[in-house]
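Contents: one structure, followed by commentary.
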Amino acid sequence: MALSPGESPGLLLWHATLRWQRDIATALSPLDLTHVQFVLLACTWWLNSQGEHPNQLALARQAGTDVKMTSQVVRTLEHKGLVAREVDPADSRARRLRVTDSGAELAPRAIAAVELADARFFEPVPLADAVSLLGRLAHPAP
C-alpha cells in the first residue's frame, strides 16, 4: 500500500532538502558564492590549513563532487580571485590548489554564514540526533 505524502520519507527528505538549499543560498548570496562554490572553497581552505595543496581530483574526493564539475567551479573560483591553480613541482601536468588571500578572508566568513543557517535549520532536532541520522544516511554500513 502506498504511503501518504506526509508519511513518505523520500518526499519529506526532498522537501527538507529544498528548504535547506534555499536557506544556504540565501546565506551565501551576500558573499557572491553559490553553494557548490562555497563547498569547494571551504574544502580547499581547510585542506590548505592542514598543510595540503590538493589537485582537483583530491578536492573532488574531499567534497564528494564530480571531477569535471569541480574543474569548472574551480575555474570560476580562480576567475573570482579566490583560488589559484599552481604547477605541481613533482608533475608539471598537474595543478595544485591554493586559496588566495581574498579566498582565505572569505572562506571563514562563508563558513560562519553557513553554520548559522545550519543551526537555524536544524534547531528543531537535537544536534547529536541530526548528525547521527545524517551520518548513517550519508555513509550506510555495507
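Quick caveat, the model's predicted, so the values are computed rather than measured. One-based numbering along the sequence shown.
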Exercise for the section: Could you grab the distance from atom CG of L59 to atom OG1 of T44, nearest 0.5 Å is fine? Expected result: 4.0 Å
Practice task
Apply the test side chain to side chain contact (heavy atoms under 4.5 Å, CB included) to residues T34 and L28: give CA-CA distance (whole Å), side-chain angles for both, the deciding distance (0.1 Å), then the verdict.
Solution key: CA-CA 7 Å; T34 66; L28 291 172; over 6 Å; no
Completion exercise
Hits for side chain to side chain donor-acceptor pair (under 3.5 Å) against R61, two or more places apart or cross-chain, chain-then-number order -> none
Exercise for the section: Using the rule that two of Ile, Leu, Val, Met, Phe, Trp, Tyr join whenever any of their side-chain heavy atoms come within less than 4.5 Å, decide whether V39 and L134 are in one cluster. Expected result: yes
Handout entry: L82 side, atom CG; H79 side, atom NE2 - distance, nearest 0.5 Å
Key = 12.0 Å
Handout entry: Side chain proximity check, N55 to L97, heavy atoms < 4.5 angstrom
Key = no
Fill in the blank from the handout: Residue pairs meeting side chain to side chain donor-acceptor pair (under 3.5 Å), one or both in residues 123-142, sequence neighbours left out, come to S132-R136
Problem - Aromatic ring proximity H35/W20, centre distance under 6.0 Å - result: yes
Handout entry: Close side-chain approach of V87 and R95, heavy atoms under 4.5 Å
Key = yes
Exercise for the section: List in chain and number order the residues that pass side-chain contact (heavy atoms from CB on, under 4.5 Å) with T26, two or more places apart in sequence or in another chain; answer none if no residue qualifies. Expected result: none
Handout entry: For R85, all residues meeting salt bridge (Lys or Arg N to Asp or Glu O under 4.0 Å), sequence neighbours excluded
Key = E78
Problem - Fellow cluster residues of L116, listed by chain then number, with links counted only when side-chain atoms sit under 4.5 Å apart - result: none
Completion exercise
Between the CD atom in Q72 and the CD atom in Q37, the distance rounded to the nearest 0.5 Å is 12.0 Å
Handout entry: Single-linkage hydrophobic cluster, 4.5 Å side-chain cutoff, L11 and L18 together
Key = yes
Handout entry: Short side-chain to backbone donor-acceptor contact, R96 and E86, under 3.5 Å
Key = no
Handout entry: Note: K80-D32 ion pair, threshold 4.0 Å (strictly below)
Key = yes
Handout entry: Positive for side chain to side chain contact (heavy atoms under 4.5 Å, CB included) with L106, one of L41, V99, I111
Key = L41
Exercise for the section: Please tell me if the side chains of V83 and W45 come closer than 4.5 Å, counting only heavy atoms from C-beta onward. Expected result: no
Exercise for the section: Kindly write out the residues that satisfy side-chain contact (heavy atoms from CB on, under 4.5 Å) with A112, not counting sequence neighbours, or none if the list is empty. Expected result: none
Handout entry: Any L127 side-chain heavy atom under 4.5 Å of F122 side chain
Key = no
Practice task
Measure across A58 and P54 and return the closest heavy-atom pair with its distance rounded to 0.1 Å.
Solution key: CB-CB, 3.8 Å
Problem - Stepwise side chain to side chain contact (heavy atoms under 4.5 Å, CB included) test for Q56 and V67 - result: CA-CA 7 Å; Q56 290 176 172; V67 177; 5.5 Å; no
Practice task
Give a yes or no on whether the backbone of G81 and the side-chain of T100 come within a donor-acceptor separation of less than 3.5 Å.
Solution key: yes
Problem - Distance (rounded to the nearest 0.5 Å) between R75 CZ and T70 OG1 - result: 11.0 Å
Handout entry: Residues D66 and K68 bridged, charged N to O under 4.0 Å
Key = no
Practice task
Mark yes when over 12 heavy atoms from residues, nucleotides or ligands other than R109 sit less than 6.0 Å from its CZ; otherwise mark no.
Solution key: yes
Exercise for the section: Could you walk me through whether D118 and I24 pass the side chain to side chain contact (heavy atoms under 4.5 Å, CB included) test, one step at a time? Expected result: CA-CA 8 Å; D118 279 350; I24 297 298; 3.6 Å; yes
Problem - Over 12 foreign heavy atoms within 6.0 Å of CG, D101 - result: no
Problem - Validation row: M69, V36 side chains within 4.5 angstrom (heavy atoms) - result: yes
Exercise for the section: Specify the closest pair of heavy atoms between A117 and D23, including all atoms of both residues, with the distance to one decimal. Expected result: CB-O, 4.2 Å
